[in-house]
Each structure stands twice: as structure tokens, then as C-alpha cells.
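Notes follow the structure.
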2 protein chains.
Amino acid sequence: MFLGTHIVGVDAKGRASVPAPFRAALRGEAGVVFVWPSWRGPYLEAGDRELLAQYQTLLAARGAFDDAREDFEYAIFADARALTLDDTGRVSLPEDLRAHAGLGAKAAFAGLTDRFEIWAPERLAARVAEARAKAADKRALLSRPRGPGEGP
Amino acid sequence: MFLGTHIVGVDAKGRASVPAPFRAALRGEAGVVFVWPSWRGPYLEAGDRELLAQYQTLLAARGAFDDAREDFEYAIFADARALTLDDTGRVSLPEDLRAHAGLGAKAAFAGLTDRFEIWAPERLAARVAEARAKAADKRALLSRPRGPGEGP
DNA sequence: CCGAGGAACATGGGATTATATGGGCATAAA
DNA sequence: TTTATGCCCATATAATCCCATGTTCCTCGG
């Protein structure tokens, strides 16, 4: 499970260490992560092969020539890269991906259970602050309905 | 079930003993607790893997790219850590988490049935006093257990 | 009823390992 | 040739493991 935010350096070659806890969380083949630019904002989305397989399954359920399906396919798969980790656990992020996320000398890896995202650290901080404020309003969504004999 | 308040020391390395009764209450894999900064105040929330799995299930039910889901994911998972207990039952609390809760040399672990919280002791005392005062007004809410589909 | 012994628990410090990161060299593409 | 990409080794720092000690609580025997 990908959890927590880790800030790592991006060196002159565009390399960044994938945080060790994330490396441990990679299911299936170790040594490969899949990364693509998010279509919802200036950051990158990433995960392992199993995650992409899940997306593929979800989309396949929509039928062969469904418009929405094709849009998602272009948005996710067409720009995705399989990045291989070197033996110290680094990936080299291609120039266009770094540009999309506005990465400089630092990158923030944020774990979101089944996937993770790569942000410019200051942008991520702003996004998380916003999310916390909204979560405070919507907290009822997390309260679990309770059955008899259960709960307080 | 996590119950009661325990005050433990935080040493120079940021380590704190998880109270033994809480260790015994950890479901699923023993030796790991999940901790994240609360978005409701200056304290930490914590629980076992099952608790996080419950949250994950609740959120996953909302579908892949739901806005509210993403807010909760950022608010909870992006700042959560999986902390492993050493063989004497201690976790080392990362600097940023200690800062969020304003922890000094002491930390108060407060059990709340399915999860627990970590507070600076004096802040917790103030919070408990406030909760007691409010509970007196709302005591009617506890008079009858509620079934599914029912409730406020 | 009181005191001694033992077990479980919290805590302190030192040693070892893991991890992130920097640079050099070979190889492949432009 | 120049530029980029992958591979290998080196190192400082931070995190983790491991052993030792004091204290409290419980139990058992006097």
C-alpha cells in the first residue's frame, strides 16, 4: 500500500529515488513503475502493472467502441511510460513528464493506497491543504453505517 | 478495542512506546500501526491496517475519479505513515507528525474503540474537559442504539 | 496481613544497516 | 561529435536493530 509523502531530489540527469516504502509496495514485477501525466492537473500519476490492469478491466466493461472508454484510454495509456528502476531504486523521469508536473530540483511522491502521484512539493502542499478543508465539510461520508450489536 | 489514556515519554530520537494494551488490540498484522495528522486539530490519528482498509473500501465505493474521494485520499493517505514497532513495542514518530501535534517530551495515547489518537497531554486534557461539557447536553443521543437506515 | 520474588513494561544508549544521492564510465541514439 | 540514457561504485546521513537497565505491578509464600 502506498502511503505518505516523501520528498526526494531530482538530479541533473533527471533521476529521482523512488522512496523505499513505495518500492516495497510494488506488486507483481519489482523494478518497474508506470507513470503518466494526469489530465486533471500539473502532476504525474503512477502505479504498478496491477493498477493498470485494473483500469483496463474497468474500461473493457464499457464495450469496444464506447466514446468514454476511448477518451480514458488516450488519457491514461497513450502517455504512460514504463520506467525501470536502477539498482539503487531510482527512475529517470523524461523531460516531458517533468515539464508537465513543473518539477525542479525536488519532487514529492504522495502515496494514495493503490497508486501514487508525483508533484512539485509546493503545489502538493497547496492541494493537500485544500483537501483537508473540504474533508472537514464532508466528513459524514466516512462514517460507516452501523449494524445492530455493533458500534457505540 | 482501544480504550483509556496512556501517557508515555518521547525520547531524543522521537521514539514512543505504544501502550501495551493498544499493542494487544492491533488486529491483522501485529507490529505495524498507521498514523496520520488529523485534519480536525493538532493531534494524530492512528489505527491498524483493518481500519485503513475500511476507509479504503468506503472511498473506493465512490468510483475511480470522484472528487470527494480524492479529497479524503489526500487528507488521510497522503500524510499517513506505516510505523513498525521495534521488539520492545516502540514506534519512532517522524518529525513532521510530532510537529503537527506539538509533541514535546510526553505524548498521550487516547483510545477511541476502533482507533486511537496521539496528543500533547495538556491539549488532550483541555479537549476532554470540553467533550464532557458537551456530552452533558447531548446525552439523549446515547439512549437508544440505532440500526441501519436509521439515525440522525 | 505483609514482604519477597518475578514478570511485564517503559526507557536509554550504542552499533549496524538501509537509503538517498553524487559522480564516473560505457553504450546507444541524434 | 554531441547528447542522452543506462550501469556501476562510493559515501554521508538517517533510520533501524539490539542489548542493557530501572520501575511498577502482580503473585505467591511466609
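Throughout, protein chains are lettered first and strands after them, A, B, ... in sequence-line order, and every chain is numbered starting at 1. Since the structure is predicted, the reported quantities are computational estimates derived from the model, not experimental observations.
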ring-ring contact (aromatic ring centres under 6.0 Å, His included) for A:Trp39 and A:Tyr74? Distances and angles first, verdict last.
CA-CA 10 Å; A:Trp39 72 87; A:Tyr74 284 119; over 10 Å; no
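Counting non-hydrogen atoms of other residues, nucleotides and ligands closer than 6.0 Å to CG of A:Asp67 gives a total of 12 or fewer.
For the contact set between residues 3-10 of chain A and DNA chain C, defined by any heavy atom under 4.0 Å, the members are A:Val8, A:Gly9. Contacts between residues 94-112 of chain A and DNA chain D, defined by a heavy-atom separation under 4.0 Å, are absent.
With A:Arg23 contributing its side chain and A:Val18 its backbone, the two residues share a donor-acceptor pair below 3.5 Å. No donor-acceptor pair under 3.5 Å is formed between the side chain of B:Arg81 and the backbone N or O of B:Phe34.
Counting heavy atoms from C-beta outward, A:Tyr55 and A:Thr57 have side chains that stay 4.5 Å or more apart.
Rounded to whole angstrom, the span from the CZ atom of A:Arg23 across to the P atom of C:dT21 amounts to 11 Å.
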Could you pull out the protein-nucleic contacts involving nucleotides 13-22 of chain D (nitrogen or oxygen on both sides, under 3.5 Å)?
none

Compile the donor-acceptor pairs under 3.5 Å between side chains in residues 41-51 of chain B and protein atoms, sequence neighbours left out, one pair per line.
{"from": "B:Tyr43", "atom 1": "OH", "to": "B:Ser38", "atom 2": "OG", "distance (Å)": "3.3"}
{"from": "B:Glu45", "atom 1": "OE1", "to": "B:Arg115", "atom 2": "NH1", "distance (Å)": "3.2"}
{"from": "B:Glu45", "atom 1": "OE2", "to": "B:Ser38", "atom 2": "OG", "distance (Å)": "3.1"}
{"from": "B:Asp48", "atom 1": "OD1", "to": "B:Arg27", "atom 2": "NH2", "distance (Å)": "2.8"}
{"from": "B:Asp48", "atom 1": "OD1", "to": "B:Glu50", "atom 2": "N", "distance (Å)": "3.2"}
{"from": "B:Asp48", "atom 1": "OD1", "to": "B:Leu51", "atom 2": "N", "distance (Å)": "3.0"}
{"from": "B:Asp48", "atom 1": "OD2", "to": "B:Arg27", "atom 2": "N", "distance (Å)": "3.0"}
{"from": "B:Asp48", "atom 1": "OD2", "to": "B:Arg27", "atom 2": "NE", "distance (Å)": "2.7"}
{"from": "B:Asp48", "atom 1": "OD2", "to": "B:Arg27", "atom 2": "NH2", "distance (Å)": "3.3"}
{"from": "B:Arg49", "atom 1": "NE", "to": "B:Glu29", "atom 2": "OE2", "distance (Å)": "2.3"}
{"from": "B:Arg49", "atom 1": "NH2", "to": "B:Glu29", "atom 2": "OE2", "distance (Å)": "2.9"}
{"from": "B:Glu50", "atom 1": "OE1", "to": "B:Arg27", "atom 2": "NH1", "distance (Å)": "3.4"}

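Hydrophobic clustering, defined by side-chain heavy atoms of Ile, Leu, Val, Met, Phe, Trp and Tyr closer than 4.5 Å, groups B:Met1 together with B:Leu3.
Taking the charged nitrogens against the carboxylate oxygens, A:Arg132 and B:Asp79 do have a contact shorter than 4.0 Å, which makes a salt bridge.
The side-chain hydrogen bond (donor to acceptor under 3.5 Å, both in side chains) search around B:Thr113 returns none, not counting sequence neighbours.
Across every non-hydrogen atom of B:Arg15 and B:Ser92, the tightest pair is CG-CB, 3.8 Å.
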